[in-house]
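Notes follow the structure.
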Amino acid sequence: AILLAGCAVPAAGQPPVSTLAGQPLSTNADATIFVEPDDGTEPLLNELNSARSSIDVEMYLLTDRDVLGALEAAERRGVRVRSLLEEHPYGQGAGNEGAYARLQRAGIAVRWTDDRRYKLTHEKAAVIDGREALILTLNLTASAFSRNREYGVVDRTPGDVAEVAAIFQSDWSSASYTPAQPDLVVSPDNSRARLLGIIGQASSSLAVESEEVQDDGIEQALVGAHQRGVNVRLVLSRAASGQADANAPGVSRLEAGGVQVRYMNKPYVHAKIVLADGRTAFVGSENISRQSLDMNREVGVLLSGPAALARIGSAFEQDWNAHS
């Protein structure tokens with residue numbers, strides 16, 4: 001497995017540079033972060049409304065009326081819009097059927113993802129004009145923008161954008177594709193190795209937010225980090241009242257191993273982030289679960305740009321201090 005190697009020592013006055021198997025990661029200096037529910041729909045809608053030639057969206061859930069309206073408006077102004085949607089999202093009733101029909105009526109090319117290839121297409125990403133990739137923890141739903149803790153990345157690194165576009169095209173065509181961009185975290189191809197790598201490289205701190213904590217391998221890596229002296233903190237939300245907590249066994253194992261865990265009820269933690277030493281961050285659709293890492297289609301990104309890291313770190317500290 002390709003693991004994220006230790007961080008290179010930066011030159012005086014320069015930001016730290018993370019490496020993957022000896023290759024420097026892009027600093028994603030132009031990447032911007034938005035945080036929900038703080039920032040609302042504006043950052044996402046601004047991206048869709050700026051499109052001039054193409055929008056490709058691959059999404060687990062797409063139900064937000066404003067987002068659907070922006071896609072329809074893009075189609076009307078001559079933008080080629082394509083959408084790949086998961087046909088059978090868990091626990092969501094009718095799910096994407098309404099959005100699928102609405103997009104079709106607007107003349108937008110829309111397809112169900114190929115359920116023979118992945119357990120679920122849980123990806124939350126889009127490519128705008130081949131120049132920007134949106135890599136998100138959030139589904140495009142009203143609750144994502146109003147009630148959840150979520151993170152979105154606007155990634156302008158050419159290699160990242162090209163690879164997210166290639167992943168979309170491969171899934172659109174049900175064709176095979178092997179990702180190679182070191183900044184990207186892609187299930188079922190490399191997510192487990194990438195996340196074990198970012199955890200394994202940490203020397204002082206790990207800050208984690210995740211909706212799910214249900215994977216022995218990642219849990220063991222977090223406990224191992226604590227045992228070598230890393231300050232490991234996890235924020236998540238409790239199960240809804242009356243529902244069994246699928247995270248309880250994992251949380252118990254983490255706490256027994258010394259990991260600090262806090263619960264935040266509002267906003268609901270749907271985010272999936274790992275921040276290592278304040279130097280490298282993962283943001284993406286991957287939960288800490290075997291299905292998410294090894295069986296689903298998921299996309300995330302590794303970031304080391306100072307502005308992105310600062311925004312992620314600030315949001316995490318806010319959540320850590322707002323625990324219930």
- So T113 and E87, side-chain contact (heavy atoms from CB on, under 4.5 Å) or not? Walk me through it. CA-CA 7 Å; T113 56; E87 187 174 7; 5.8 Å; no
- Does V186 share a hydrophobic cluster with I273, counting links as ILVMFWY side-chain heavy atoms below 4.5 Å and allowing steps through other members? yes
- Item | Check against side-chain contact (heavy atoms from CB on, under 4.5 Å), L206 and L275 | CA-CA 6 Å; L206 282 165; L275 178 62; over 6 Å; no
- Message: We want to know whether S174 and D114 form a side-chain donor-acceptor pair, criterion being a heavy-atom distance below 3.5 angstrom.
- Response: yes
- What heavy-atom pair brings S292 and S285 nearest, and what distance separates the two atoms? OG-O, 4.3 Å
- Query: For D160 and V301, which heavy atoms make the closest approach, and how far apart are they?
  - Reply: OD2-CG2, 4.0 Å
- Is the shortest heavy-atom distance from the side chain of L71 to the side chain of S83 under 4.5 Å? no
- Item | Check against salt bridge (Lys or Arg N to Asp or Glu O under 4.0 Å), D189 and R194 | CA-CA 10 Å; D189 302 88; R194 295 287 199 261; over 6 Å; no
- Query: Do NZ/NE/NH1/NH2 and the carboxylate oxygens of E286 and K272 come within less than 4.0 Å?
  - Reply: no
- Item | Spatial distance of atom CG (N148) from atom CG (N139) [nearest 0.5 Å] | 8.5 Å
- Query: Of the non-hydrogen atoms in Q201 and A276, which two are nearest, and what is the gap between them?
  - Reply: NE2-CB, 3.7 Å
- Do L302 and V185 touch side chain to side chain, with heavy atoms closer than 4.5 Å? yes
- Query: Which residues pass the side-chain hydrogen bond (donor to acceptor under 3.5 Å, both in side chains) test with S54, sequence neighbours left out?
  - Reply: none
- Query: Quick one: does S187's side chain have a donor or acceptor within less than 3.5 Å of a partner on L293's backbone?
  - Reply: yes
- Message: Looking at Y263, I'd like to know if the NZ or CZ of R238 sits under 6.0 Å from its six-membered ring centre while staying within 45 degrees of the ring's axis.
- Response: yes
- Query: Got a salt bridge between D171 and R111, using NZ or NE/NH1/NH2 to carboxylate O under 4.0 Å?
  - Reply: no
- Note on the structure: In terms of heavy-atom contacts, A51 and I128 come closest through CB-CG2, 3.7 Å
- Message: Can you list everything that forms a ring pair (Phe, Tyr, Trp, His ring centres under 6.0 Å) with Y100? Sequence neighbours excluded, please.
- Response: W112
- Among all residues two or more places apart in sequence or in another chain, which pass the side-chain contact (heavy atoms from CB on, under 4.5 Å) test with A125? E123, V164
- Message: The criterion is side-chain contact (heavy atoms from CB on, under 4.5 Å); which residues satisfy it with S170, sequence neighbours excluded?
- Response: Y177, R297
- Does the side chain of Q318 pick up a donor-acceptor pair with the side chain of S314 at under 3.5 Å? no
- Decide whether N247 and E212 meet the rule of one side-chain donor and one side-chain acceptor closer than 3.5 Å. no
- Item | Residues S53 and D129: side-chain donor-acceptor under 3.5 angstrom | yes
- Out of T63, I108, L62, L140, which residue meets the side-chain contact (heavy atoms from CB on, under 4.5 Å) rule with L68? L62
- Query: Going by heavy atoms in the side chains, are V235 and V208 under 4.5 Å from each other?
  - Reply: no
- Taking C-beta and beyond as the side chain, do E211 and Y268 meet within less than 4.5 Å on heavy atoms? yes
- Sort and list the pairs that fulfil salt bridge (Lys or Arg N to Asp or Glu O under 4.0 Å) and have at least one residue in residues 44-61, not counting sequence neighbours. D56-R80, D56-R82
- Exam field: side chain N96 to backbone A99, donor-acceptor pair closer than 3.5 Å: no
- Could you walk me through whether L84 and T121 pass the side-chain contact (heavy atoms from CB on, under 4.5 Å) test, one step at a time? CA-CA 9 Å; L84 273 169; T121 293; over 6 Å; no
- Task: Determine yes or no for a side-chain-to-main-chain donor-acceptor pair under 3.5 angstrom, with E36 supplying the side chain and G40 the backbone.
- Result: yes
- Task: Could you give me the CA-CA distance, side-chain angles and deciding distance for R102 and E72, then say whether salt bridge (Lys or Arg N to Asp or Glu O under 4.0 Å) is met?
- Result: CA-CA 9 Å; R102 179 171 169 175; E72 291 168 334; 2.7 Å; yes
- Item | Residues K266, D319: salt bridge by 4.0 Å N-O rule | no
- Of all pairs that satisfy side-chain hydrogen bond (donor to acceptor under 3.5 Å, both in side chains), the ones with a partner from residues 217-229, not counting sequence neighbours: E219-R253
- Message: Please tell me whether V213 and V223 are part of a single hydrophobic cluster in this structure, the criterion being side-chain heavy atoms less than 4.5 Å apart.
- Response: yes
- Item | Note: R262-E209 ion pair, threshold 4.0 Å (strictly below) | no
- Message: Could you measure the distance from the CD atom of E163 to the OG1 atom of T178? Nearest 0.5 Å is fine.
- Response: 9.5 Å
- Tell me, do V35 and R149 make a side-chain contact under 4.5 Å, heavy atoms counted? yes
- Can you say whether the rings of F316 and W320 are parallel (under 30°), tilted (30 to 60°) or perpendicular (over 60°)? parallel
- Under the side-chain contact (heavy atoms from CB on, under 4.5 Å) test, which residues partner E42, sequence neighbours left out? N46
- What pairs of residues pass the salt bridge (Lys or Arg N to Asp or Glu O under 4.0 Å) test when at least one of them lies in residues 136-146, not counting sequence neighbours? none
- Item | Linked, directly or transitively: V161 and L303 (ILVMFWY side chains, under 4.5 Å) | yes
- ring pair (Phe, Tyr, Trp, His ring centres under 6.0 Å) partners of H122, counting only residues at least two apart: Y60
- Item | With sequence neighbours excluded, residues passing side-chain contact (heavy atoms from CB on, under 4.5 Å) with A73 | R76, R77
- Quick one: do F282 and L234 end up in the same hydrophobic cluster if we chain Ile, Leu, Val, Met, Phe, Trp and Tyr together by side-chain heavy atoms under 4.5 Å apart? yes
- G217 and D215: which non-hydrogen atoms are nearest, and at how many Å? N-OD2, 3.1 Å
- For F145, enumerate each residue passing the ring pair (Phe, Tyr, Trp, His ring centres under 6.0 Å) test, keeping only those at least two apart in sequence or located in another chain. none
- Donor-acceptor side-chain pairing of R279 and S205 below 3.5 angstrom: no
- Would you check if there is a donor-acceptor pair between the side chains of N296 and K119 at a distance under 3.5 Å? no
- Any chain of hydrophobic side-chain contacts (each under 4.5 Å) joining I288 to V232? yes
- Residues that S204 engages under side-chain hydrogen bond (donor to acceptor under 3.5 Å, both in side chains), provided they are two or more places apart: D277
- Item | Member of V154, L309, V153 meeting the side-chain contact (heavy atoms from CB on, under 4.5 Å) criterion with I33 | V153
- Please determine, by modelled atom types, if D155 and T157 share a side-chain donor-acceptor pair under 3.5 angstrom. yes
- For the pair L236 and V251, evaluate side-chain contact (heavy atoms from CB on, under 4.5 Å) and give the outcome as yes or no after the intermediate values. CA-CA 10 Å; L236 72 165; V251 169; 4.0 Å; yes
- Query: Can you name the closest pair of heavy atoms from A70 and L45 and give their distance?
  - Reply: CB-CD2, 3.9 Å
